[in-house]
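Accompanying notes for the structure given below.
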Amino acid sequence: MAETLTASAEGGHAAHDDHGHETNTGITNEKLGMWLFLGSECLLFGGLISTFLLYKKKLDTFPGFENTTIVRLGRNVYDIPFTSVSSFVLLMSSLTMVLAVSALTRDDQRRMRTWLLATVFLGATFLAGQVYEFTAFVKEGLGFTTNIFSSAFYTLTGFHGAHVLIGIIILMTMFARSLQGKLRARNAETLEIAGLYWHFVDVVWVVIFVVVYLIK
Amino acid sequence: MALVERETLALPSGASPGVAIEPLGVLARPHTKTGWRSWVSTVDHKKIGIMYGAAALMFFIVGGLEAMLIRIQLAQPNGTVLSADVYNQVYTMHGVTMVFLVIMPMAAAFANYLLPLQIGARDVAFPRLNALSFWMFLGGGLFFNTAWFVGGGGADCGWFCYAPNSGVVFSPTHGVDFYAVGLQIAGAASLIGAVNLIVTVLNMRAPGMTLFRMPVFTWMQLVVQFLLLFSLPVITVALFLLTFDRSFGANFFNISQGADPLLWQHLFWIFGHPEVYILILPSFGIVSEIIPTMSRKPIYGYPFMVFSGIAIGFMGWGVWAHHMFASGIGPISVAAFSLSTMFIAVPTGVKILNWMATMWGGKITFNTPMLFSAGLVAMFTIGGLSGVTHSVAPADTQQTDTYYIVAHFHYVLFGGALLGLFAGMYFWWPKAFGLMLNDRLGKVHFWLMLVGFNLTFGPMHILGLQGMSRRIQTYQPSDGFTFWNRVATFGVFWIATGMLVFLYNIYSSWSSWKKAGRPNPGADPWDARSLEWSIPSPTPEHNFDVVPEIHAQDDFWHRKYGEDEKGRAVRIAATEDVVQKGDATDVHLPSPSFYPLILASALPIIGYGVIFNRLIAIPGAVLFLFGLYGWAFEPATEPDDHAGDGGHGAHGGGDHDGAALAAPSTEEAHVG
């Protein structure tokens, strides 16, 4: 069974290369579609980040609100060392993602599954950190509905968290497919496309981390 | 998924379609080629295009009836037909319906039907995503309109739904919730469609079909899809913020907490101004096909046509704040946006002049499509000129929120976009349905529309300059608005009559065609120029028997006509000899699927859950996941379709599974 699959995989691989040249751009439809979608996502996060920046500044200058507990809450809840660590974890997941794709192109199933699981684990760790952070903030009195800053903060970081979650679901689906023997070197591009999405979500976090946490 | 589509471009010998096939997904694979099942499970870009058109016409009737209610209410001073509250709902629903559920999907109908044909492809890049786009649009549109029945009334915040009017305080019914969620669903549909069509145009052109040999319609649609791709996420953000405010108690537009109402205006118009070009450019493309055909001349200044379209696409991003001159955005912003708004008139002017230069000296046939096209050129020019007057900020502060604005955008959207779409319907009707619409009735339709349109919206310029407010529920006899309002209301009945003539034309053309023994109009009834006319009417399911090789712009024309020594066109080949027969039998096409419909139908259920009770969302979410995973594990084409073609068959299944996975993640990410 495995043998026949590998054999056909090699035949398929050659055919796949041919298909790659059949498109006018030389990029496969799926990959081009993913790039376009990610371009669109830039504007989605652009809108959310602009909203956050506007309301972060606005809260400080809102008449009657200067130096109230709510404003101080808005500024001082961050635990920068903690979030730095979870950011590092998320960035490392990009490395493991690359290693997973690289292993799949060599059809090294064992390593590919290992790195895939590692990526899922790192992503889930980041998410868990976000859940912890949100819980801590809420305990300090900064809920979603508390003020304009908190609404913008939870929406921006929450949207990013939802993207990470979707990425994890995609990667776990990929993992399940590989257990069924259906994720082979010839469809390495499928995993590569999932990887594009994953890297994008990581890169967006770099921007969000700087804008939300580091800029005073 | 795309592997399959690329394979369909080839013509490998294979099993004949219709063999009983073991279902691989949870649901049995649909196989019928006729009947309602073939429509709800179709992934054929042509059927999807036709459904887009039919749904848009249905919504056009709904939106048109709303418009008539508005005009009847304003027919005389102190009108009592609609209460102020209902009036607010009617004009909001009218605007949203016409923009998002009529003009956009009607343009999508043409894009879906024609783009693959004009570039010589067998289908779009992602046929199932294409079906998903349609069903999501339909679901979102119907969902939005159910606000009348279950939402305590329609949305009542105007089509751009400014904060804080859109908040719970000023709009306590669920109408605005339906606006936010309904547009979210329809917007996601358009986004998926945009990705799909851009990939199609960039990746699936026939050999020799370089970008600068593509028809102008294809170019304009490409620009539109890019505008959609980058502008929709911005309205997505705005609508999410609105939903979070209204359903989850967030503070984005809560003024008492220091929220900035201009945030909504900026987000809305950063989307909203590109949206204006999203609405008009498809019609520009349509008339750019019709005018050369009916004038028997190539389009004048093809590169200028294309580059002006691209320029509009770029500059469309730098003019949004001209909708906000009265919002207090500061003198520097006003000056900058004033200037950019004046500049964007230039590429539009280039187009107008190029159409006129195309007609100049041509042998013009004034049939219905040409009349509608000429109508667009004239009416859009009026609307464009009144648009330039808005760019002058001091004048604009006088015009803002008056009927002058209403007159302006109806001249560009009705006189521009809609006339162009009607032109397209008359022009491509034989290609889609294999019968011609009656030209005499078509002309009656055109003149009723044109006269009625000018009677309705022309007087609004005067009313606006007299100071009549937009969206005002009624007026006093002493205001002096009575006469021109009467004229406008009189005009709307001309338009309605015109629409009845159009609907009758569809019916009577069909029944007389049937009585006459279903005569075929032939592949090329207009002696036209682009590739879709080189295949039989109606278009065969597989589009092209043989993928054409393209050697020039207007390649099909050059196959029919050469030049004599004086440079005049002379026929070198009979049309019947250069068109394809449409009799290829062994073409592999993507298989139909129920999953797009299932996935799309989950979204309105989740929408009701967000608005009314979170519990309702649970079955929606379950249905969504079922659709998603059913889709992902269903090969885009049945592996058996590759029987007799060993290599393909062996690797087919796996490839499709994997590739299909990448596709649903796209919309999952967006919706999620």
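The analysis underlying the following values was restricted to heavy atoms, covering all of them including side chains, and did not include hydrogens, waters or symmetry mates. Within every chain, numbering begins at 1; the chains are lettered A, B, ... in the order of the sequence lines, protein sequences first and strands thereafter.
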Measuring heavy-atom distances to chain A, does B:Ile270 have an atom under 4.5 Å in its side chain, in its backbone, in both, or in neither?
neither
Where on B:Phe248 is there a heavy atom nearer than 4.5 Å to chain A: the side chain, the backbone, both, or neither?
both
Rounded to the nearest 0.5 Å, how far apart are [atom1] of [X] and [atom2] of [Y]?
X	Y	atom1	atom2	answer
A:Leu48	B:Leu241	CG	CG	6.5 Å
B:Phe240	A:Thr155	CZ	OG1	10.5 Å
A:Ser50	B:Leu267	OG	CG	7.5 Å
A:Ile148	B:Leu263	CD1	CG	10.0 Å
A:Ser40	B:Leu191	OG	CG	4.0 Å
A:Leu44	B:Phe230	CG	CZ	13.0 Å

Could you check whether atom [atom1] of [X] has more than 12 heavy atoms from other residues, nucleotides or ligands sitting under 6.0 Å from it?
X	atom1	answer
A:Trp35	CH2	no
A:Trp205	CH2	yes
A:Met172	CE	no
A:Arg111	CZ	no

side-chain contact (heavy atoms from CB on, under 4.5 Å) involving B:Ser333 - partner list, sequence neighbours excluded:
B:Ile329, B:Phe337
If the plane angle is over 60° it's perpendicular, under 30° parallel, otherwise tilted; pick one for A:Tyr55 and B:Phe252.
parallel
Heavy-atom side-chain contact between [X] and [Y] under 4.5 Å:
X	Y	result
A:Phe159	B:Val237	no
A:Phe37	B:Leu229	no
A:Asn24	B:Thr210	no

If you count heavy-atom pairs under 4.5 Å between each of B:Thr200, B:Val234, B:Leu202 and chain A, which one has the most?
B:Leu202
May I have all residue pairs that pass salt bridge (Lys or Arg N to Asp or Glu O under 4.0 Å) and include part of residues 237-265 of chain B, sequence neighbours excluded?
A:Lys58-B:Asp260, B:Asp177-B:Arg246
Looking only at the side chains, is there a donor atom on one of B:Asn203 and A:Asn29 sitting less than 3.5 Å from an acceptor on the other?
yes
Are the side chain of B:Asn251 and the backbone of A:Thr145 linked by a donor-acceptor contact shorter than 3.5 Å?
yes
